[in-house]
Amino acid sequence: MLIRVINPNTTRSMTEKIGASAQRVAAPGTRIVATNPDSGPVSIESHFDEAISAVGVADEVRKGEQEGTDAYVIACFGDPGLLAARELTRAPVLGIAEAAFHLATMISTRFSIVTTLSRTGIIAEHLLQSYGFAHHCRRVRAAEIPVLDLEDDGACALNRIVDECRRAKAEDNIGAIVLGCGGMADLADEIRDAVGLPIVEGVTAAVKLAETLASLKLGTSKFGDLAFPPPKRFTGRFEHLSS
Ligand SMILES: O=C(O)C[C@H]1NC(=O)NC1=O
């Protein structure tokens, strides 16, 4: 089985970290290809960053379709371009936020999210609403760290995240915590050991769910709104997308 794990930002070290975390939990017969767009934001910390990154996600899915990909993971907590990506393939496509929410509600009745910056918390709130998990989430918290601090050993990002997770455990009356950034993919075990709560991490959650869907031959439905896009002429820098 081939799973393409797409980091929608363009920071290669984060892509490699995400890919290593994905391969670590993948089944023996699963090959992980971790990619990121060549063009786009180095980190995704705003609605604008999300919008621009969605074009790169679509491009990566189009490349994956040429390589016999069995499933896709969008490894950014805003799940950018998720529905557009699903239109482009018969394979299952999972966003790490949606995957994490599903698993969190299977092990707890209430969870909180700890993400990077409070500015992007609204994106998680919108996803909770649209996916139907809002009543399960007690609070969307932020460690107030720039995303790329997760790539800087000297930034003490782990300590900031653990501190916020401890506040969530003490104050939110929850059973689990969802990590709100693809760049936290390698931190779940350390955070769980430090905080003493189940920690749901989206990249690994999405990889295992992708394996499940692909093995059950449950790909993206082509009946209804996720059918392939209708033929369309595109102009300017998107002219290559015309069909
Ligand atoms: O939304 C966030 O704060 C985190 C999000 N940004 C990013 O570059 N990868 C992510 O998972």
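First listed ligand is number 1; within each ligand, the first listed atom is number 1. Start at 1 with the first residue, then count along the sequence. Any value given below was found using the heavy atoms of this structure, including those in side chains, with hydrogens, waters and symmetry copies removed.
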Asks: Tell me: protein heavy atom nearest atom 4 (C) of ligand 1, and distance?
Replies: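 For this ligand atom, the closest protein heavy atom is Cys181 SG, 3.5 Å.
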
Asks: Any nitrogen or oxygen of Met14, side chain or backbone, less than 3.5 Å from one on ligand 1?
Replies: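 No.
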
Asks: Just jot down the ligand 1 atoms closer than 4.0 angstrom to any heavy atom of Val147, in number order.
Replies: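 In order of numbering, the contacting atoms are 6 (N), 7 (C), 8 (O).
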
Asks: Between His102 and Phe133, is the ring centre distance below 6.0 Å?
Replies: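 That pair passes the under 6.0 Å test.
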
Asks: Identify the closest protein heavy atom to atom 9 (N) of ligand 1: which residue and atom is it, and at what distance?
Replies: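 Closest protein heavy atom to atom 9 (N) of ligand 1: Cys76 SG, 3.8 Å.
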
Asks: Evaluate the side chain to side chain donor-acceptor pair (under 3.5 Å) criterion for residues Glu211 and Thr30: first the C-alpha distance (whole Å), next the side-chain angles of each, then the deciding distance (0.1 Å), finally the verdict.
Replies: CA-CA 8 Å; Glu211 285 179 332; Thr30 297; 2.6 Å; yes

Asks: Would you mind listing which atoms of ligand 1 come within a distance below 4.0 Å of any non-hydrogen atom of Gly182?
Replies: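 Checking each atom against Gly182, I get 10 (C), 11 (O).
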
Asks: With the side chain counted from C-beta on, respond yes when Leu82 and Val93 share a heavy-atom pair under 4.5 Å apart, and no when they do not.
Replies: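 Side-chain contact under 4.5 Å: yes.
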
Asks: How far apart are the C-alpha atoms of Ser118 and Glu144, what are their side-chain angles, what is the distance that settles it, and do they pass the side chain to side chain donor-acceptor pair (under 3.5 Å) test?
Replies: CA-CA 6 Å; Ser118 49; Glu144 294 308 347; 2.5 Å; yes

Asks: Any side-chain heavy-atom pair from His136 and Phe111 closer than 4.5 angstrom?
Replies: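 Yes. Closest side-chain heavy atoms under 4.5 Å.
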
Asks: I want to check something: taking the side chain as every heavy atom from C-beta on, are Leu187 and Val162 in contact at a cut-off of under 4.5 Å?
Replies: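 A side-chain contact under 4.5 Å is absent here.
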
Asks: I need the atoms of ligand 1 closer than 4.0 Å to a non-hydrogen atom of Thr116, numbered in the order shown.
Replies: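 Within the 4.0 Å cut-off of Thr116, ligand 1 contributes 2 (C), 3 (O).
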
Asks: Just wondering, do Arg141 and Glu171 contact through their side chains at under 4.5 Å, heavy atoms?
Replies: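 A side-chain contact under 4.5 Å exists here.
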
Asks: Check contact between Thr120 and ligand 1, using heavy atoms of the residue and a distance below 4.0 angstrom.
Replies: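 Under 4.0 Å: yes for Thr120.
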
Asks: Report the residue from Arg86, Arg4, Glu65 that forms a side-chain hydrogen bond (donor to acceptor under 3.5 Å, both in side chains) with Tyr72.
Replies: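 By the side-chain hydrogen bond (donor to acceptor under 3.5 Å, both in side chains) criterion, Tyr72 pairs with just one of Arg86, Arg4, Glu65: Glu65.
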
Asks: Applying a strict 4.0 Å limit to heavy atoms, is Gly180 in contact with ligand 1?
Replies: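 Right, Gly180 reaches ligand 1.
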
Asks: Give the atom numbers and elements of ligand 1 that come within less than 4.0 Å of a heavy atom of Ser43.
Replies: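 Ligand 1 atoms under the 4.0 Å threshold to Ser43: 8 (O).
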
Asks: Less than 3.5 Å between some nitrogen or oxygen of Ile44 and one of ligand 1, yes or no?
Replies: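 Ile44 vs ligand 1: N/O contact under 3.5 Å present.
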
Asks: How does Asn9 reach ligand 1, by side chain, by backbone, by both or by neither, if only non-hydrogen atoms under 4.0 Å count?
Replies: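 For Asn9, the contact with ligand 1 is made by the side chain alone.
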
